[in-house]
Structure formats: C-alpha cells, structure tokens
Amino acid sequence: LACLLDHGFQWSTSSEAFKVEGGWAEHGKGETIWDRFTHSGQAFANQTGDLACDSYNKVDYDAYLLRGLLVTTYQFSISWARVFPSGRRGSLSEKGARYYDRLIDALVSSAVRPVVTLHHWDLPQALQDDGGWSNASIIEAFREFADFCFARYGDRVKTWNTFSSPWVISIAGYGTGEHPPGITDPIISSYQVTHNMLKSHAEAWHVYNDKYRQQQGGKVGIALNSDWAEPQDPSRPQDISAAERYLQFMLGWFAHPIFVDGDYPPSLKSQVEQKRQECPQAEPAQLPTFNEIEKKRIRGTADFFGLNHYTSRLVNDTFGGCVPGPRGVGDFQEHIDPAWPLTASEWIRSVPWGLRRLLSFIAAEYTSITKVPIYITGNGMPTQFGGDVFNDTERILFLKIDVRGFTVQSLMDGFEGPQGYSERFGLHYVNFEDPNRPRTPKASAYFYSKVIENNGFVAHLRHPIRCPLYLLSSAGLSVFASWYGEAAALNPASSCGTLEQGTYPELLQ
C-alpha cells in the first residue's frame with residue numbers, strides 16, 4: 001500500500017508551554033497552577049516542570065529540530081503567566097513576551113508556519129486565587145490576553161487555537177481534581193468552568209474578527225479533545241444511544257454551542273433534567289444556561305474545527321443513579337477492548353479506525369452546518385521511559401494514519417502532567433538527567449520526516465497512487481480518512497520500508 005497527498009498538505013508537530021519551556025520563574029514569569037501543583041509533590045516522583053526541556057533558552061535548538069523533521073507547521077502554546085504574570089495586562093512582562101517573538105521569528109525564518117494556542121491548561125495562579133475558570137471575571141481577563149497576543153504576534157501568526165482540550169480542565173481540574181487546581185466539584189464547578197470557557201472563547205474570536213481579521217487575514221478556532229465511542233453491542237439500540245451520549249458529554253458539550261446553535265446539546269440538557277427529577281435530594285449536575293444574546297454571541301465562533309484525538313472506547317447503556325460525573329449523569333459505562341494494542345499510558349489504546357469514525361461524526365454533526373475545515377491538532381501516543389528509548393517502533397505504527405492535516409504530539413519528550421517524565425510522547429528523546437537537556441531523534445522522527453519528504457506513504461509500489469478522499473458529508477467537505485492506518489495494522493511490513501540514513505538530512509550532516 002502506498003499513496004501520496006496533495007501539494008500543500010500540512011505536516012505538523014506540537015508542544016505545550018508548561019511541558020517544554022522550563023524557566024518557571026525567569027524574567028518575572030508568574031506562578032501557574034501547574035507550578036503550584038508540582039511544587040506540592042503531586043506529580044510522579046515529585047517531578048516538576050521547573051526546567052523541563054529548557055525550551056525557554058533553546059529557541060534555535062528547537063527550530064533546528066523542526067527543520068530536520070521537515071515539518072511545515074509547528075503548534076505551540078503561550079504561557080499566559082509568562083506574558084502577564086498576574087494574568088492581567090497591567091503586569092506585562094516584556095522579556096516574557098519577547099521569548100515568543102524570538103520563537104515565532106525563528107519559525108518563520110525556518111519556513112515553518114507557527115500555529116499558536118492561547119491557553120493549554122497552565123492558568124496563572126493569581127487568577128486561580130480569584131476562582132480561576134469558575135469565576136466569570138476570567139472572561140474579560142482572557143479577552144484582554146487574547147487581544148494582546150493578536151496585536152503582538154498576529155502579523156506573523158495566522159492560525160490560532162483559543163483553547164486546547166478544554167474538557168480536561170473542566171473534568172480533571174474541577175471535577176475529579178486529578179489535575180490542578182485540584183478541585184473536586186463535578187456537580188457545579190465542572191459545568192460552570194465549561195460555561196465560562198465557552199464565553200471566553202467567543203470573546204477572543206470576536207476580538208479577532210472585529211479588530212484584526214481584515215488586516216492580518218488569519219483564522220481563529222478551538223482544539224477540542226474527544227475519544228471515539230463505539231457501541232459495545234452495535235445491534236442493541238440502548239448501547240447506540242449510550243455511545244451518542246458519551247460523545248455529547250465529551251465533545252458536544254463544547255462543540256454544539258460553537259458549531260451548531262450557541263447552546264448545549266439537547267441530549268446533555270435532557271439527561272441533566274432527567275437526573276434532577278430522579279434525584280431531587282441530591283442533584284448530580286447543575287448545568288448553567290445561556291440567554292439568547294449569549295447564544296448568538298457563541299454560535300459560529302470558529303474558523304476551523306481542531307480535533308485532539310488519542311483513543312476510543314466501547315460504551316454500553318447503564319443506570320448511573322444519582323452519581324455525579326459524566327458516567328452517572330449520562331447513564332453510560334465505557335470499556336476497553338483487550339485486543340486493542342497497548343501503549344505506555346493506561347488510558348490510550350491504538351485504535352486507528354476510531355479516528356475515521358469520529359471524523360465522520362464531526363462532519364455530520366458540526367462542520368456540515370458551519371462549512372469549516374477539520375484539522376487534527378493533536379494525535380500521538382506515549383512510550384514508557386526506560387529500555388530502548390530510541391527505537392520507538394510502536395509510535396511508528398501509530399503514525400500510519402492518513403488525514404487532511406496532521407499534528408504529531410509532540411516534537412520532544414516533556415512534562416506529562418501527573419505522570420511527570422515517566423511517559424514519553426516525543427519524536428525526540430530528551431535526557432532530563434542532563435542539565436543541558438540534549439534532544440536526540442527517535443526512530444519515529446526519522447519515519448515521520450521520511451513521510452513528509454515523500455508527502456505521503458511510499459513503500460513497495462513503483463507508482464504510488466494519489467491518496468483517496470473520504471467524503472464525509474453531503475455538503476462536500478472532504479478529509480483524508482484513516483484507511484491507511486487500518487491497512488498498516490493488518491500488514492505493517494507492506495507499508496513501511498526500512499529506515500534509511502538521510503531521512504533526517506539536516507541532523508545527519
């Protein structure tokens with residue numbers, strides 16, 4: 001099996017500020033909720049992101065890695081607390097802001113297109129001290145931060161994500177408390193946080209639309225994370241409905257207001273109301289409401305649909321009773337097929353066909369309405385630290401997937417939240433025992449650069465075909481399907497040649 005992609009296909013990799021930057025207090029950077037979380041010993045082996053990959057001091061090194069990979073795009077996030085240490089504009093750190101000028105300029109001079117995420121989880125602690133995302137005052141603070149970033153960097157940055165994986169903030173940060181700020185309130189705070197993030201996203205989009213779009217000509221969207229939910233028994237209508245609820249509680253919670261009608265999905269609202277009736281003494285969920293002005297303000301505030309996808313689940317119908325949280329309120333239970341290939345993370349299994357079905361769902365449910373493109377803004381898998389850290393053949397198999405625009409997570413190993421440095425998502429190995437934090441390309445980096453060099457998957461066929469498009473909606477929106485991943489899983493040897501010297505030209509000179 002071999003195929004090529006159309007000219008202009010966007011090959012990308014990514015990073016997130018807290019995972020790679022380090023420099024946690026350099027040049028007046030403010031404390032973030034992740035700094036507070038890790039300094040209190042809540043990550044694996046008491047590890048912190050204080051130095052991480054030291055990307056704050058290694059702009060040229062990281063640009064060098066990107067040139068070696070041959071990627072056309074690099075997606076990274078801005079640390080709000082590095083630019084505004086207190087979270088508000090009056091605390092501007094010019095040295096912190098200049099770091100992103102240097103990074104963006106290095107990317108542009110390397111012919112790598114910068115894609116910037118305004119917020120990837122690392123909220124300034126000063127804002128959290130006022131309630132964080134549960135306090136509606138943060139909406140204006142985020143609008144102010146977005147305005148500054150658009151004005152400062154928008155002459156060179158043409159693609160913006162307002163948020164990346166905001167569901168994780170709502171659920172893990174304010175629901176289960178597994179992530180900072182460590183709040184366990186799945187009944188009220190988790191829903192209020194989503195409410196305020198949706199409003200914040202909309203305000204940032206309107207700022208760009210009203211003040212910068214005409215002059216800068218860029219796009220603003222959002223990167224939403226979602227599993228694919230497969231009915232455990234496809235012949236059972238109850239399981240089909242449960243899988244639909246799983247998707248609406250995860251993806252639709254954010255996507256429906258932005259891409260459909262400015263309000264939460266009907267199935268989410270009906271489930272919450274049903275539980276209110278069933279549990280009058282102990283409501284397991286309190287879902288805020290949008291007024292008509294707010295709905296109009298939120299609807300249609302995305303120029304593209306960004307998708308972060310890592311795995312899938314089998315879902316069956318169950319009675320959740322009065323238990324708070326998505327499972328209880330949604331009356332569903334998720335499972336893992338033991339036949340799905342393992343990764344180093346207990347929650348990520350490699351299920352290539354799940355991405356294909358999720359893309360079909362997104363096109364039918366959301367982008368057929370707004371007519372915006374879909375971009376894969378995050379996809380990857382971790383390998384365990386230890387053993388052979390360079391021959392990451394599992395990641396090579398995971399990367400054999402064919403979509404419209406593809407972002408591999410991530411450029412290098414980094415600080416993976418509560419897991420610290422024990423799980424490695426990077427195309428490059430980072431030696432965290434060495435204070436210089438050297439990076440070394442893994443086998444997956446060579447593989448990915450070869451795919452980019454060929455602009456597709458060239459194996460044993462003399463005349464590779466043009467990669468087919470998978471029609472996802474009657475409106476004609478097409479994205480590349482993941483059929484290649486399915487075929488590769490069946491016969492890896494037929495679709496991946498031997499890694500050759502020279503596939504990573506700049507680093508091997």
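Just so it is clear, the values below take in all heavy atoms, side chains as well, and ignore hydrogens, waters and symmetry mates. In this chain, residues are counted from 1 in sequence order.
- Side-chain polar atoms of Asp227 and Ser312 form no donor-acceptor pair below 3.5 angstrom.
- Using modelled atom types, one finds no donor on one side chain facing an acceptor on the other under 3.5 Å when comparing Ser164 with Asn161.
- Residues Tyr264 and Val272 form no side-chain contact, since every pair of their non-hydrogen atoms from C-beta on lies 4.5 Å or further apart.
- Shown here are the ring pair (Phe, Tyr, Trp, His ring centres under 6.0 Å) partners of His179, two or more places apart in sequence or in another chain: Trp34, Trp121.
- In summary, the aromatic rings of Tyr191 and Trp253 are positioned with their centroids under 6.0 Å apart.
- Remark: the backbone N or O of Ser93 is not paired with any side-chain donor or acceptor of Arg98 at under 3.5 angstrom.
- The ring pair (Phe, Tyr, Trp, His ring centres under 6.0 Å) search around Tyr99 returns Tyr56, not counting sequence neighbours.
- Using modelled atom types, one side-chain atom of Thr72 and one backbone atom of Trp11 make a donor-acceptor pair closer than 3.5 Å.
- Between the side chain of Ser449 and the main chain of Leu69, no donor-acceptor pair closer than 3.5 Å is present.
- Taking the centre of each ring, Phe290 and His195 come in below the 6.0 Å mark.
- Taking all atoms of both residues into account, the shortest heavy-atom contact from Asn308 to Ser165 is ND2-OG, 3.0 Å.
- Test Phe163, Phe148, Phe84 against Phe142 for ring-ring contact (aromatic ring centres under 6.0 Å, His included) and you get one pass: Phe163.
- Gln128 and Glu31 share no side-chain donor-acceptor pair at under 3.5 Å.
- Looking only at distances, a side-chain donor or acceptor of Asp303 sits under 3.5 Å from a matching main-chain atom of Val220.
- In this structure, Ser110 contributes its side chain and Val112 its backbone to no donor-acceptor pair below 3.5 Å.
- For Tyr74 and Asp62, the side-chain atoms include no donor-acceptor pair closer than 3.5 Å.
- Taking the charged nitrogens against the carboxylate oxygens, Asp147 and Lys211 do have a contact shorter than 4.0 Å, which makes a salt bridge.
- Between the side chains of Arg245 and Ser267, no donor N or O sits under 3.5 Å from an acceptor N or O.
- A donor atom on one side chain and an acceptor atom on the other are not found under 3.5 Å apart for Ser12 and Gln10.
- Contact check on Glu283 versus Lys275 returns no salt bridge, with no Lys/Arg side-chain nitrogen under 4.0 Å from an Asp/Glu carboxylate oxygen.
- Put simply, the side chain of Phe332 reaches to within 4.5 Å of the side chain of Pro326, judged on heavy atoms.
- Using a 4.5 Å cut-off on side-chain heavy atoms (C-beta onward), Arg156 and Asp101 make contact.
- Asp185 places a side-chain N or O within donor-acceptor distance of the main-chain N or O of Ile188, the cut-off being under 3.5 Å.
- The nearest pair of heavy atoms linking Pro124 to Gly87 is CG-CA, 4.0 Å.
- For Trp133 and Tyr174, the ring centers are positioned 6.0 Å apart or more.
- Checking side-chain atoms of Ser77 against main-chain N and O of His120 turns up no donor-acceptor pair under 3.5 Å.
- For the pair Asn291 (side chain) and Glu294 (backbone), a donor-acceptor distance under 3.5 Å is present.
- Nearest approach of Gly252 to Pro265, heavy atoms of both residues: O-CG, 3.2 Å.
- When only modelled atom types and interatomic distance are considered, Glu230 and Trp228 share a side-chain donor-acceptor pair under 3.5 Å.
- The environment of NZ in Lys95 is sparse: at most 12 heavy-atom neighbours from other residues, nucleotides or ligands sit within 6.0 Å.
- Tyr421 has its ring centre no less than 6.0 Å from the ring centre of Phe44.
- With sequence neighbours excluded, the residues forming a ring pair (Phe, Tyr, Trp, His ring centres under 6.0 Å) with Phe259 are Phe305, listed by chain and number.
- Residues Lys29 and Glu21 are not paired through a salt bridge, judged by the lack of any N-O separation under 4.0 Å between the basic side chain and the carboxylate.
- Contact check on Arg89 versus Glu140 returns no salt bridge, with no Lys/Arg side-chain nitrogen under 4.0 Å from an Asp/Glu carboxylate oxygen.
- Although no hydrogens or angles enter the test, the distance criterion places a donor-acceptor pair under 3.5 Å between the side chain of Thr13 and the main chain of Leu411.
- In this structure a side-chain-to-backbone donor-acceptor pair under 3.5 Å is missing from Arg313 to Glu334.
- Annotation: side chain of Leu103 is in contact with side chain of Phe76 (closest heavy-atom distance under 4.5 Å).
- A ring-ring contact (aromatic ring centres under 6.0 Å, His included) with Trp80 holds for exactly one of Phe18, Phe145, Tyr100; it is Phe145.
- A donor-acceptor contact under 3.5 angstrom links the side chains of Ser91 and Ser86, judged on distance only.
- A salt bridge links Asp263 with Lys269; the closest basic N to acidic carboxylate O contact falls under 4.0 Å.
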